[in-house]
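Accompanying notes for the structure given below.
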Amino acid sequence: MATYNGEKYISEQIESVLNQKFDKWTLYIRDDGSTDSTPDIIEKYATAYPDKIIQIDKGGSNIGCNDNFYMLLEAVDSEYYMFCDNDDVWTLDKVGTLIKTMHDKELQHPDIPIIVHHDVTVCDENLNVIHDSLWKSINIKPWKFNTFNLLMTTPIVAGATSIFNHHVKQYVFPIPSNKRIMYDHWIALCTVKHGKIFCIENRFNLYRQHEGQVCGLESMQNNACSIEVLKRKITNWTRDAQLFHTIGVPKWKFFYYKIKSNIIKS
């Protein structure tokens, strides 16, 4: 769990992890220099559950969302990894179901990097449901985005909705110098390049939307067609094409697969 100024919601998230039906897990938390009471809340839980909750780089400085998660990943050695945001709430069967699903996929595809990711229920800050299914609300079919080229243009594998095995970690580092590539997008790309990504339609997260979150859902149903929308899309696509050009992807290739991914989603 990477935390930052999450005092309002973090207790609910930690409690939802503690209450998991599957209990063979350890929660590692690194706080990113919070200025509110988040460190005190973490300390309270770490003291109460010393065998289950461990702080990483306690009192460390602010390094940003990406590097916070990377530091956690680098510091922990495990068979399986799951990232946890500090403002969601997990359903009680999340960890157990994902572990079982991962085991099944590993039996079919041994000794390769694997990610399994899932859908979420989108909620407001008080956990009132906005959309029962994120995937349906944005009209996306995630099982179609299982190649590097398509996944590059459509970052649908979120860190907080994934489990991945230890084979993934060997391909993640060194991390890209361009910090605009989000940690979960990079990990998914490394995985699909060397292994496999699977999706399941279960909704294991209450995905909270609120003003204070570092990364949120900007728009879920903006299908309007106008000159302004078109200009904004072109600007964003050009920026992203340049971004992936820094890791060796030709710009024409990005545009080609961006158009193709939009056709798939339409």
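- In summary, of the residues considered (Asp31, Ile42, Asp87, Asp36), a side-chain contact (heavy atoms from CB on, under 4.5 Å) with Ile10 occurs for Ile42 alone.
- Looking at Thr121, its side chain does come within 3.5 Å of a backbone N or O of Asp132 through a donor-acceptor pair.
- Heavy-atom neighbours of Lys179 NZ from other residues, nucleotides or ligands within 6.0 Å: above the threshold of 12.
- With salt bridges taken as basic N to acidic carboxylate O contacts below 4.0 Å, none links Asp240 and Lys258.
- Minimum interatomic distance between His166 and Ser78 (heavy atoms only, all atoms of both residues): CB-O, 3.3 Å.
- Under a hydrophobic clustering in which Ile, Leu, Val, Met, Phe, Trp and Tyr are joined whenever their side-chain heavy atoms come within less than 4.5 Å, directly or via other members, Val157 and Leu134 fall into the same cluster.
- Salt bridge annotation for Asp40-Lys44: absent, with no cationic side-chain nitrogen under 4.0 angstrom from a carboxylate oxygen.
- Looking at Tyr9 and Glu125, their side chains do bring a donor and an acceptor atom within 3.5 Å of each other.
- Between the side chain of Gln20 and the backbone N or O of Val95, at least one donor-acceptor pair lies under 3.5 Å.
- A heavy-atom distance below 4.5 Å is not found between the side chains of Asn5 and Asp32.
- A distance of 6.0 Å or more separates the ring centres of His117 and Phe204.
- Between the side chains of Thr91 and Asp93, a donor-acceptor pair is found at a separation under 3.5 Å.
- Side-chain atoms of Asp124 come within 3.5 Å of backbone N or O of Asn128 as a donor-acceptor pair.
- Between Trp186 and the choices Ile247, Asn66, Asn178, Thr191, the side-chain contact (heavy atoms from CB on, under 4.5 Å) rule is met once, by Ile247.
- Of the possible donor and acceptor atoms, one in the side chain of Ser16 sits under 3.5 Å from a partner among the backbone N and O of Trp90.
- Cation-pi check for Lys141 over Trp143 is not met; the charged atom does not lie both under 6.0 angstrom from the ring centroid and within 45 degrees of its normal.
- You'll find the ring centres of Tyr80 and His167 outside the 6.0 Å limit.
- A distance of 5.0 Å separates CG of Asp67 from CD1 of Ile175, quoted to the nearest 0.5 Å.
- Side-chain contact between Phe198 and His109 is present, with at least one heavy-atom pair separated by less than 4.5 Å.
- Taking each heavy atom of Ile54 and Pro50 in turn, the nearest pair found is CG1-O, 4.5 Å.
- Arg30 approaches Ile56 most closely through the heavy-atom pair CG-O, 3.3 Å.
- Scanning all heavy atoms of the two residues, the minimum distance from Ala46 to Gln55 falls at CB-NE2, 3.8 Å.
- Side-chain contact between Leu98 and Ile200 is present, with heavy atoms from C-beta onward closer than 4.5 Å.
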| message | With side chain to side chain contact (heavy atoms under 4.5 Å, CB included) as the criterion, how do Gln170 and His194 come out once you've worked through the C-alpha distance, each side chain's angles and the decisive distance to 0.1 Å? | response | CA-CA 10 Å; Gln170 65 180 303; His194 300 281; over 6 Å; no
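- Under the 4.5 Å side-chain heavy-atom criterion for grouping Ile, Leu, Val, Met, Phe, Trp and Tyr, Ile138 is not connected to Leu206 through any hydrophobic cluster.
- Note: Phe173 CZ to Cys190 SG = 9.5 Å, rounded to the nearest 0.5 Å.
- At a cut-off of 3.5 Å, with distance as the only test, a side-chain donor of Gln242 or Lys251 sits close to an acceptor on the other residue.
- With rounding to the nearest 0.5 Å, the separation of CD1 in Ile187 from CE in Met182 is 10.5 Å.
- Counting non-hydrogen atoms of other residues, nucleotides and ligands closer than 6.0 Å to CZ of Phe22 gives a total above 12.
- Two residues are said to be in side-chain contact when any heavy atoms from C-beta on lie closer than 4.5 Å; Leu150 and Lys144 fail this criterion.
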| request: Evaluate the side chain to side chain contact (heavy atoms under 4.5 Å, CB included) criterion for residues Ile63 and Met71: first the C-alpha distance (whole Å), next the side-chain angles of each, then the deciding distance (0.1 Å), finally the verdict. | output: CA-CA 10 Å; Ile63 58 177; Met71 181 177 286; 3.9 Å; yes
| task | Start with the C-alpha distance between Leu18 and Trp25, add both sets of side-chain angles, then the distance that settles side chain to side chain contact (heavy atoms under 4.5 Å, CB included), and finish with yes or no. | result | CA-CA 9 Å; Leu18 289 169; Trp25 53 263; 3.7 Å; yes
| request: Begin from the C-alpha positions of Thr38 and Thr3 and carry the test side-chain hydrogen bond (donor to acceptor under 3.5 Å, both in side chains) through to its verdict. | output: CA-CA 8 Å; Thr38 298; Thr3 67; 5.9 Å; no
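- More than 12 non-hydrogen atoms from other residues, nucleotides or ligands lie less than 6.0 angstrom from CD of Glu15.
- One finds the CZ atom of Phe255 at 8.5 Å from the CD1 atom of Ile234 (value rounded to the nearest 0.5 Å).
- Minimum heavy-atom separation, Gly6 to Asn86: CA-OD1, 3.8 Å.
- For the pair Ile114 and Met102, the minimum side-chain heavy-atom distance is below 4.5 Å.
- In this pair, Phe164 and Tyr81 present their aromatic rings parallel. The plane angle is below 30°, not in the 30 to 60° band.
- Salt bridge status for Asp85 with Arg208: absent, with no side-chain N to carboxylate O gap under 4.0 Å.
- Phe244 has its ring centre less than 6.0 Å from the ring centre of His185.
- Residues Leu92 and Leu127 do not share a hydrophobic cluster, defined by chaining ILVMFWY side chains whose heavy atoms lie under 4.5 Å apart.
- With contacts defined as side-chain heavy-atom distances shorter than 4.5 Å, the pair Tyr171/Lys193 does not qualify.
- Listed for the Asn205 side chain is no donor-acceptor partner under 3.5 Å among the backbone atoms of Val120.
- The cluster map of Ile, Leu, Val, Met, Phe, Trp and Tyr, joined by side-chain heavy atoms under 4.5 Å apart, puts Val116 and Phe148 in different clusters.
- Between atom CZ of residue Phe145 and atom CE of residue Met152 there is a gap of 12.0 Å, rounded to the nearest 0.5 Å.
- Atom-to-atom distance recorded for Cys199:SG and Ile156:CD1 is 7.0 Å, nearest 0.5 angstrom.
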| Residue pair Lys253, Asn149: steps toward the side chain to side chain contact (heavy atoms under 4.5 Å, CB included) verdict | CA-CA 8 Å; Lys253 189 174 184 178; Asn149 291 327; 3.1 Å; yes
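- One hydrophobic cluster, built from ILVMFWY side chains closer than 4.5 Å, holds both Ile181 and Phe69.
- Salt-bridge check for Glu74 with Lys169: failed, with every basic side-chain N at 4.0 Å or more from each acidic carboxylate O.
- Classification of the Phe83-Tyr183 ring pair by plane angle, with boundaries at 30° and 60°, yields perpendicular.
- Within the 4.5 Å cutoff, the side chain of Tyr4 has heavy atoms near those of the Asn62 side chain.
- Between Lys196 and Lys105, the closest side-chain pair of non-hydrogen atoms is not below 4.5 Å.
- Closest non-hydrogen pair, Gly159 versus Asp184, comes out as N-OD2, 3.0 Å.
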